[in-house]
2 protein chains.
Amino acid sequence: MEVAVAPSLSRRERERLARREAMLDAALSVFAEKGYVGASVDEIAERAEFGKGTIYNYFPDGKDELFLTLFEERVAAGLHRVIESSFDGADLSAPAAARKTFHGFIRLLLHYFEESRGPLLMFMKEGHRTKIAVEQEVQFARHFAGIIDALAAPIEQAVAAGALRPLPAHPVAHVLMGNVRAYLMAEVDADCDSSGTLPPTPFGSADEAAEFLTTVLFDGLLSPDSAPDA
Amino acid sequence: MEVAVAPSLSRRERERLARREAMLDAALSVFAEKGYVGASVDEIAERAEFGKGTIYNYFPDGKDELFLTLFEERVAAGLHRVIESSFDGADLSAPAAARKTFHGFIRLLLHYFEESRGPLLMFMKEGHRTKIAVEQEVQFARHFAGIIDALAAPIEQAVAAGALRPLPAHPVAHVLMGNVRAYLMAEVDADCDSSGTLPPTPFGSADEAAEFLTTVLFDGLLSPDSAPDA
DNA sequence: TCCGCAAGTGACCGGCCAGTCACTTTCCGA
DNA sequence: TCGGAAAGTGACTGGCCGGTCACTTGCGGA
C-alpha cells in the first residue's frame with residue numbers, strides 16, 4: 001500500500017513511517033486470515049519481519065491499537081473516500097438522477113469491496129465483536145456512525161429535493177449499508193463453500209449485484225403494475 | 001424455556017433432558033453476555049450449577065458443541081417457525097396481498113428479535129466468526145442457507161404469481177435478512193451508546209421499523225411520481 | 001575511528017482456559 | 001439394606017498468548 005509521503009520528512013521519519021505501514025500490512029493480513037482473536041502479535045511481528053518488541057515501540061497498546069488503527073486508517077478512510085467521490089457535486093434533484101447517482105455509489109462500493117476483500121470482511125465480521133474494552137467499542141461505534149452520517153447527508157439531500165420518498169435518512173443509510181453487507185456475507189458463504197458445494201452462488205458479478213441492489217432498494221420489490229401504496 | 005416433552009420418556013430421561021436444557025440456558029446467557037470467545041466453560045458450568053466435567057458428559061465436544069447446538073435448537077429453529085407461520089397458506093398472488101404478507105413476516109421477525117434479543121444478537125455478531133473449525137463453519141453456513149432457502153420459497157412463489165418483480169429469489173432473501181440484520185445492528189449501537197450518547201436512535205419501535213423496512217423494500221426509495229425504471 | 005544513544009529484539013512471565021480423569025455422590029434394583 | 005453402576009465433580013495439565021525488559025545492534029556525529 002503505497003502512500004504519497006510529504007517530502008518534508010527526514011529519511012529517518014520516512015523510514016519510520018514505512019516500517020509502521022509494513023506492520024499494519026502484516027497485521028491486516030493476519031487479522032484478515034485469522035480474525036481478531038485468532039491473530040497473535042507474535043505472528044504479526046514475524047510476518048512483518050520485526051521482533052515482537054518493535055511492534056510495541058510503534059503501537060504501545062499492542063493488538064488493540066493495531067486493530068483500531070487499521071480500521072481507522074484503511075477501512076473507514078476508504079469508505080469515506082468512496083462516499084465522497086460518489087456524491088461530491090452529484091445531481092440528486094430528480095428521482096432518475098438520484099437513482100443513477102446511488103447506483104454509481106453502490107457499484108463503486110462493491111468494486112472497492114472486491115479489491116479490499118480481506119480487510120473489509122474482517123471488519124464486517126468482527127467490527128461488532130463482543131469482548132472488547134468498552135472504550136474501544138465506543139470508538140468503533142463512532143466510526144460506524146461517522147460512515148452512516150456521511151451517507152445520510154446525500155440521502156437527506158435527495159429526500160429534500162423530492163427525489164426520494166420522505167423517509168428518515170439515517171435508517172435509510174443503515175439499510176443501504178446493511179444490503180451491501182448482506183451481499184458481502186453471501187459472497188463469503190459461497191466462498192467458504194468451495195470445498196463442499198452446498199448453496200449456489202447468490203449474486204452475480206459486482207456490477208450485476210449493484211444493478212440488483214439498486215433495483216431492490218430504489219424501485220422496490222413489488223411489481224410496477226401494482227397500485228401505489230395506500 | 002419450557003418445551004413440551006413426550007410423556008413416554010422415563011423420569012430419568014426427562015431429568016436428563018431438563019439438565020441438558022439448563023446447561024443450554026446457561027451457555028446461552030454466557031455467550032450472549034460475553035460472546036463466544038469471552039465465554040468460558042467454567043462460567044457456563046457455574047451458572048448452570050453443575051461441575052465442569054458434567055458439561056462434558058452432556059456435550060462431549062465442549063464449547064463448540066454448545067454453541068452449535070444453541071444455534072440449531074434455538075435460533076435456527078425459531079427463525080424457521082417464524083417463516084413457517086408467516087407464509088403457511090398465505091396469499092401471495094397479488095402485489096398488495098404479498099406486501100401485506102411480507103409486512104406481517106417482518107413484524108413477526110422483529111418482535112421475535114425483541115424477545116430473543118441476546119441470543120439473536122450473539123449469532124448475528126458471531127455466526128460468521130473466523131477461527132472456527134472449517135467443519136463447523138460449514139455447519140453454520142448450512143443452517144444459514146437453510147433459512148435463506150425457506151425464505152426464498154415464498155418469494156419465488158410471489159414472483160411466479162407476478163406479485164413481485166421478476167428478480168432471483170435467493171438474492172432477494174439475502175437482502176431481506178440483511179435489512180433486518182441492519183436494523184438489529186443499529187439497535188445494538190444505540191444500546192451500547194447509552195453510556196456516551198453519540199448517535200441518535202435510528203429506528204423507532206419494532207412496529208415502526210417493520211413499517212419502514214416494508215416500505216423501503218417493497219415500495220422502493222424513489223418518489224412514487226417517478227417514471228418506472230427504464 | 002570510536003562512542004553513545006536510539007532502535008530493535010526475543011526469552012520470559014503471568015494469567016487464562018479447554019479439556020481430562022481419578023475420585024465422590026447418587027440412584028436403583030436385588 | 002446393600003452393592004455396583006451411572007452420574008457428577010473440580011483440581012490439574014498443557015498450551016497459548018499478550019505484554020515486558022534487559023540486552024544487542026547499528027547508525028551518525030565528533
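Here is the naming used below: chain letters follow the sequence lines, and residue numbers restart at 1 for every chain. This structure is a prediction, so every number in the text was calculated from the model and none was measured. Atom set for the values below is all heavy atoms of this structure, side chains included, hydrogens, waters and symmetry mates excluded.
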Practice item. Rounded off to whole Å, could you give me the CD-to-C1' distance for the B:E13 and D:dA6 pair? Key: 14 Å
Review point. Which sits closer to the 5' end of DNA chain D, B:G53 or A:P60, going by the nucleotide each is nearest to?
Key: B:G53
Review point. Should B:T54 be listed as having a side-chain N or O under 4.0 Å from OP1 or OP2 of D:dA7?
Key: no
**Study point:** B:F50 ring center near B:Y56 ring center (under 6.0 Å)
**Key:** no
Review point. Thinking salt bridges, do B:E43 and B:K34 make one under a 4.0 Å N-O criterion?
Key: yes
Check your understanding: Are B:E208 and B:R107 ion-paired here, with the side-chain N under 4.0 Å from a carboxylate O?
Key -> no
**Study point:** Close approaches to DNA chain D from residues 42-52 of chain A, in residue order (heavy atom, under 4.0 Å)
**Key:** A:K52
Exercise for review: Round to the nearest Å and state the distance from A:Y58 atom OH to C:dA6 atom P.
Suggested key: 14 Å
Point to revise | Between D:dC17 (P) and A:Y36 (OH): distance, integer Å | key: 13 Å
Practice item. Give the rounded distance in Å between these two atoms: CZ of A:F59 and P of C:dG8. Key: 12 Å
Point to revise | Nearest-Å distance for atom pair CD/P, residues B:E65 and C:dG19 | key: 10 Å
Study note, to complete from the structure: note: A:M23, atom CE; C:dA7, atom C1'; distance rounded to Å ~ 10 Å
Check your understanding: Separation of B:Y56 atom OH from D:dC12 atom P, in whole Å?
Key -> 18 Å
**Study point:** B:F105 side chain near B:P154 side chain, heavy-atom distance below 4.5 Å
**Key:** no
**Study point:** Test item: side-chain donor near acceptor, A:D207 and A:H111, under 3.5 Å
**Key:** yes
Check your understanding: Does some side-chain heavy atom of A:M23 sit less than 4.5 Å from a side-chain heavy atom of A:I44?
Key -> no
**Study point:** Lys/Arg N to Asp/Glu carboxylate O, B:E21 vs B:R74, below 4.0 Å
**Key:** yes
Practice item. Determine the contact category for A:S40: base if any of its heavy atoms lies under 4.0 Å from a base atom, sugar-phosphate if only primed atoms, P, OP1 or OP2 are that close, otherwise nothing. Key: sugar-phosphate
Review point. In whole angstrom, what separates B:K63's NZ from C:dC16's C1'?
Key: 11 Å
Check your understanding: Does B:R20 come within less than 4.0 Å of B:E15, counting only side-chain N to carboxylate O?
Key -> no
Revision key, fill the gap. Rounded to 10°, the helix from C:dT1-D:dA30 to C:dA30-D:dT1 deviates from straight, judged by its five-pair end axes, by 10°
Review point. For B:R19 and D:dG8, is the shortest distance between a side-chain N/O and OP1 or OP2 below 4.0 Å?
Key: yes
Check nucleotides 22-29 of chain C for protein N or O atoms closer than 3.5 Å to its own N or O atoms and list the pairs.
residue, atom, partner, partner atom, Å
C:dC27, O3', B:R12, NH1, 3.2
C:dC28, OP1, B:R11, NH2, 2.8
C:dC28, OP1, B:R12, NH1, 3.3
C:dC28, OP2, B:R11, NH2, 3.0

Point to revise | Among A:L79, A:V82, A:L108, side-chain contact (heavy atoms from CB on, under 4.5 Å) partner for A:F113 | key: A:L79
Exercise for review: Establish, from distance only, whether the side-chain atoms of A:H174 and B:N179 form a donor-acceptor pair under 3.5 Å.
Suggested key: no
Check your understanding: Between A:F31 and A:F71, is the gap from one ring center to the other below 6.0 Å?
Key -> no
